[in-house]
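In what follows, chains are A, B, ... by sequence order, proteins preceding strands, each numbered from 1.
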Protein chains: 2
Amino acid sequence: MIITPMQQSLISHFGEMGSRWGLNRTLGQMYALIVLTEQPLNADQISDALLISRSNVSMGIKELKSWNLIKLQHIPGDRKEYFSAPKDIWEIARTLIIERRKRELDPTLSTFRDALLQDPANEADKYTQQRVQDMHDLMEMVTIWSTELQNMSSDKLSTLLKLGSGVGKILDAKDRFLSK
Amino acid sequence: MIITPMQQSLISHFGEMGSRWGLNRTLGQMYALIVLTEQPLNADQISDALLISRSNVSMGIKELKSWNLIKLQHIPGDRKEYFSAPKDIWEIARTLIIERRKRELDPTLSTFRDALLQDPANEADKYTQQRVQDMHDLMEMVTIWSTELQNMSSDKLSTLLKLGSGVGKILDAKDRFLSK
DNA sequence: TTGAATTTTCAGTAATTTCTGAAAATTGTA
DNA sequence: TACAATTTTCAGAAATTACTGAAAATTCAA
């Protein structure tokens with residue numbers, strides 16, 4: 001498993017960014033390696049390439065599996081497991097959106113609902129509930145969006161994103177449009 | 001600075017979630033406290049309420065300032081600085097989107113551009129560049145979107161989000177619509 | 001200016017997270 | 001079934017991150 005300088009610099013960068021995304025350095029590096037390599041890789045190859053222990057790779061794979069970010073493959077005549085990333089970058093993006101929502105939004109939404117069901121004990125609680133209500137409504141809408149994206153084909157997702165700076169125009173004319 | 005049980009449970013939750021967002025526990029708790037309290041708070045009140053050291057609060061405030069998440073206020077006759085969050089939840093959301101983009105996307109986009117400018121040394125590099133190109137294009141579109149959101153009023157942002165499950169419909173009819 | 005009030009910095013410590021090697025568990029084939 | 005190959009687990013070590021108290025710096029009113 002030889003890594004080119006270009007790959008190395010990208011892998012390092014993903015490592016540094018890894019922690020800013022909910023992952024960690026090693027996980028970022030592992031995923032970069034898998035995404036940037038055409039052939040599926042086995043755990044030993046990953047361990048060699050990134051100079052990390054075999055057991056660390058095993059834990060990393062477990063985590064990447066829990067994120068649904070890797071595909072598992074078998075090569076005939078080889079007992080090792082091989083890992084690869086989806087070739088469709090939109091599929092990866094979609095998965096990331098879904099998984100981040102699960103981890104970052106869903107638990108909070110549920111906590112918000114609990115708080116809103118309680119009787120406010122005093123003025124402070126009343127104010128708190130107002131704010132929670134606002135945050136709840138916002139997060140719920142983001143959730144609806146992400147569900148929509150989840151069920152969207154790569155083509156459609158791509159079209160939507162390319163709409164980019166056209167969003168404003170659509171909104172300006174939305175009423176006219178929706179009334180047709 | 002008395003905290004109600006309702007506030008306490010929300011603050012705890014924000015603390016736990018804090019690390020899943022690029023913040024940390026204390027920062028999450030601090031921001032929850034500030035958002036959920038109607039009155040602006042000073043550093044000592046935050047320190048008291050959350051049972052953390054005054055210096056920790058100072059560092060937290062510095063961080064929240066760098067995220068543009070808090071407003072600084074002065075109360076006549078009081079030399080202390082008071083902090084509050086925007087009352088408009090959309091403004092907070094907008095700020096979060098911008099700041100997360102700055103931290104999570106921009107540096108990566110720049111690394112991608114560097115890699116794409118290089119001459120591929122071999123087949124592996126050619127494949128790597130293909131994948132980088134895909135990721136680059138996707139991230140650039142997300143960036144354009146976030147810039148759009150950045151310049152959008154709260155009203156408009158709210159309208160867009162509420163569109164929710166209407167997005168698919170809009171896309172289906174996009175061509176018809178845009179040709180008008 | 002001066003000095004009390006307030007905020008910030010920072011070195012050392014504490015807490016948390018990540019990583020490793022060794023051992024246990026699992027898998028698949030002969 | 002037996003066993004070699006492979007993967008997973010996990011306790012302890014290493015690395016990183018967060019927190020504190022004390023001291024330095026800043027602010028502002030008199």
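- In this structure, the CZ atom of A:R54 is 11 Å from the C1' atom of D:dA5, given to the nearest Å.
- Positionally, the nearest nucleotide of DNA chain D for A:F83 lies more toward the 5' end than for the other of A:F83 and B:S53.
- At the phosphate of D:dC19, OP1 or OP2 sits under 4.0 Å from a side-chain N or O atom of B:T26.
- One can place OH of B:Y82 at 19 Å from P of D:dT27, the figure rounded to the nearest angstrom.
- Remark: of the listed residues B:L23, B:T26, B:L64, B:L64 is the sole one forming a side-chain contact (heavy atoms from CB on, under 4.5 Å) with B:Y31.
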Residue pair A:K126, B:E38: steps toward the salt bridge (Lys or Arg N to Asp or Glu O under 4.0 Å) verdict: CA-CA 10 Å; A:K126 280 187 195 162; B:E38 188 161 15; over 6 Å; no
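- For the residue pair B:S12 and B:Q8, a side-chain donor N or O sits within less than 3.5 Å of a side-chain acceptor on the partner.
- The salt bridge (Lys or Arg N to Asp or Glu O under 4.0 Å) test with A:E104 is passed by exactly one of A:K102, A:R100, A:R101: A:R100.
- Counting heavy atoms of neighbouring residues, nucleotides and ligands inside a 6.0 Å radius, atom CG of B:L117 exceeds 12 of them.
- In this entry the distance linking CD1 of A:I75 with P of D:dA5 reads 19 Å, nearest Å.
- Taking atom NZ of A:K62 as the reference point, atom P of C:dA25 lies 15 Å away to the nearest angstrom.
- A straight line from CD1 of A:I46 to C1' of C:dC19 spans 16 Å, rounded to a whole angstrom.
- What you find for B:R94 and B:M152 is that their closest heavy atoms are NE-O, 3.0 Å.
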Check against side chain to side chain contact (heavy atoms under 4.5 Å, CB included), A:H74 and A:E81: CA-CA 6 Å; A:H74 281 283; A:E81 292 191 310; 3.7 Å; yes
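- Atoms CZ (B:R25) and C1' (D:dT20) sit 14 Å apart, rounded to a whole Å.
- Checked by distance alone, B:S55 brings a side-chain donor or acceptor within 3.5 Å of a matching partner on the base of D:dG21.
- Across the protein-nucleic acid pair, A:E63 atom CD and C:dT18 atom C1' stand 12 Å apart, rounded to whole Å.
- Across all strands, A:N56 comes closer than 4.0 Å to base atoms (heavy-atom distances).
- Note on the helix from C:dT1-D:dA30 to C:dA30-D:dT1: angle between the axes of the first and last five pairs equals 30°, rounded to 10 degrees.
- Between A:S19 and B:R79, it is A:S19 whose nearest contact on DNA chain D lies nearer the 5' terminus.
- Put simply, CD1 on A:I52 is 14 Å from C1' on C:dG21, counting in whole angstrom units.
- Distances shown here put every side-chain N or O of B:K80 at or beyond 4.0 Å from the OP1 or OP2 atom of D:dT27.
- Of the candidates D:dC19, D:dT9, D:dT20, the closest approach to any side-chain atom of A:S58 belongs to D:dT9.
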